[in-house]
Amino acid sequence: MKKSKTTNIMNIMASIPKVQRARNYRLYTEGGKRLIDLWLNGGAAVLGHTPPNLLRELKNTASRGLYAPFPHFTEKRFLKALSKLFPECSFCYYAAPPIELLSKISHSSAAKNESRGVKFWRPYTNPEEPFAADNTQSLFIPILPGIQTWRDGLPFGLCIVAAKLEENLTKLPPSDALSPILLALAARGIHDILASPQRAKLNLPRINKALKTGTSKWKKQGIYLTLKEETTTEEWETLFNKFLEAGFLLPPTQAHPLILPAEMSDGEEAKLVAVLIG
């Protein structure tokens, strides 16, 4: 019997050693192994796992007991931050992607990020314009720093949908009532990426040189790497295990790109080059 995509992702996640702590772009496992995180929670940890502002915001909001989705001024702060990142856009936000949105998304070519009417937006895809959005796209889902989990490559916990024209949101349900913790962290994450445009100007000369070789299977867009050709889920699982053995954590699904960390030693970069072109 053929494995479902969800089952395959669960199998991949189960193969990761238990993580005891995370520091910036590295994970430290129960068995004493250190992993360079190239998944970064699908992009929700694009600024690392210990960004001080996000952790401070989490502590302050949680200390006020604001777990339940009560009406709160945090929502206004969140929408104001979104408007700074995407001027003149309208937004809906959900605890989980609604069915009406799922029907608009296709993962038939995850490496190319093709979709039917909606696609993901990620910061730092262009070093010259690290926050540029494609205004021709009717709907897009920003992937921002904060708390998220994933199912089949889609964000749960907080799923934001943005549109240049408000009528493009009319076929979606009204926004969910969300915990102020989620909204406060998302607002803080937006301000943090806006304050860190240098994250897009990543200088990894060995990796850049390796990707230019004719044998490279990977293509680079800003800080993100994807396969030039989509592979099967079984082949991705094999690739995942190969990287894991070398000390690197790949995304558990091809729907997420490989995200280059903001810091690596010369030895770590050389090791990553070896596994990328091996």
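Since we're looking at a predicted model, the values are computed, not measured.
- Classification of Arg206 and Glu269 as a salt-bridged pair holds, one side-chain N sitting under 4.0 Å from a carboxylate O.
- Atoms CD and CG, from Gln254 and Leu227 in turn, are 6.0 Å apart once rounded to the nearest 0.5 Å.
- With a 4.5 Å cut-off on side-chain heavy atoms, Glu263 and Tyr25 count as touching.
- Within the 4.5 Å cutoff, the side chain of Leu183 has no heavy atoms near those of the Thr61 side chain.
- Under the 4.5 Å side-chain criterion, counting only non-hydrogen atoms from C-beta, Leu85 is not in contact with Pro142.
- Without hydrogens or angle criteria, Ser83 side chain to Pro87 main chain gives no donor-acceptor distance under 3.5 Å.
- The shortest distance between side-chain heavy atoms of Leu249 and Phe240 falls below 4.5 Å.
- Although no hydrogens or angles enter the test, the distance criterion places a donor-acceptor pair under 3.5 Å between the side chain of Lys271 and the main chain of Ala246.
- Interatomic distance, CD1 of Ile223 versus CG of Leu38, reported as 11.5 Å (0.5 Å rounding).
- Residue pairs meeting the ring-ring contact (aromatic ring centres under 6.0 Å, His included) criterion with at least one member in residues 59-82, sequence neighbours excluded, are Phe78-Tyr93.
- Side-chain contact between Ile36 and Pro261: present, with at least one pair of heavy atoms (C-beta onward) separated by less than 4.5 Å.
- When each of Trp236, Trp150, Tyr224 is checked for a ring-ring contact (aromatic ring centres under 6.0 Å, His included) with His256, only Trp150 meets the rule.
- Tyr28 carries Arg21 over the face of its six-membered ring, with the cationic atom under 6.0 Å from the centre and within 45° of the normal.
- Evaluation of the side chain to side chain donor-acceptor pair (under 3.5 Å) rule for Arg23 yields no partner, not counting sequence neighbours.
- Shown here are the side chain to side chain donor-acceptor pair (under 3.5 Å) partners of Arg64, two or more places apart in sequence or in another chain: there are none.
- In this structure, the side chain to side chain donor-acceptor pair (under 3.5 Å) partners of Ser265, at least two apart in sequence or on a different chain, are Glu268.
- For the pair Leu144 and Trp121, the minimum side-chain heavy-atom distance is below 4.5 Å.
- In this model, a donor atom of one side chain and an acceptor atom of the other lie less than 3.5 Å apart for Asn24 and Thr50.
- Ring centers of Phe140 and Phe86: under 6.0 Å apart, within the cut-off.
- Contact annotation: the side chain of Leu244 never approaches that of Leu250 to less than 4.5 Å [non-hydrogen atoms, C-beta and beyond].
- For residues 177-192, the set of pairs meeting the salt bridge (charged side-chain N to carboxylate O under 4.0 Å, His left out) definition, not counting sequence neighbours, comprises Arg188-Asp192.
- Linking Ile, Leu, Val, Met, Phe, Trp and Tyr residues whenever their side-chain heavy atoms come within less than 4.5 Å leaves Leu182 and Leu66 in two separate clusters.
- Using a cut-off of 4.0 Å between Lys/Arg side-chain N and Asp/Glu carboxylate O, Lys242 and Glu237 are scored as not salt-bridged.
- Inter-residue side-chain proximity for Leu225 and Leu211 is flagged as met; some heavy-atom pair is nearer than 4.5 Å.
- Identified under the salt bridge (charged side-chain N to carboxylate O under 4.0 Å, His left out) test for residues 72-83, with sequence neighbours left out: Glu57-Arg77.
- Under a 3.5 Å cut-off, the side chain of Arg199 and the backbone N or O of Val46 do form a donor-acceptor pair.
- With hydrogens and angles disregarded, a donor-acceptor distance shorter than 3.5 Å links the side chain of Tyr124 to the backbone of Ile193.
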Q | CA sep, side-chain torsions, deciding dist, call: Phe91, Ser175, side chain to side chain contact (heavy atoms under 4.5 Å, CB included) | A | CA-CA 8 Å; Phe91 311 99; Ser175 296; over 6 Å; no
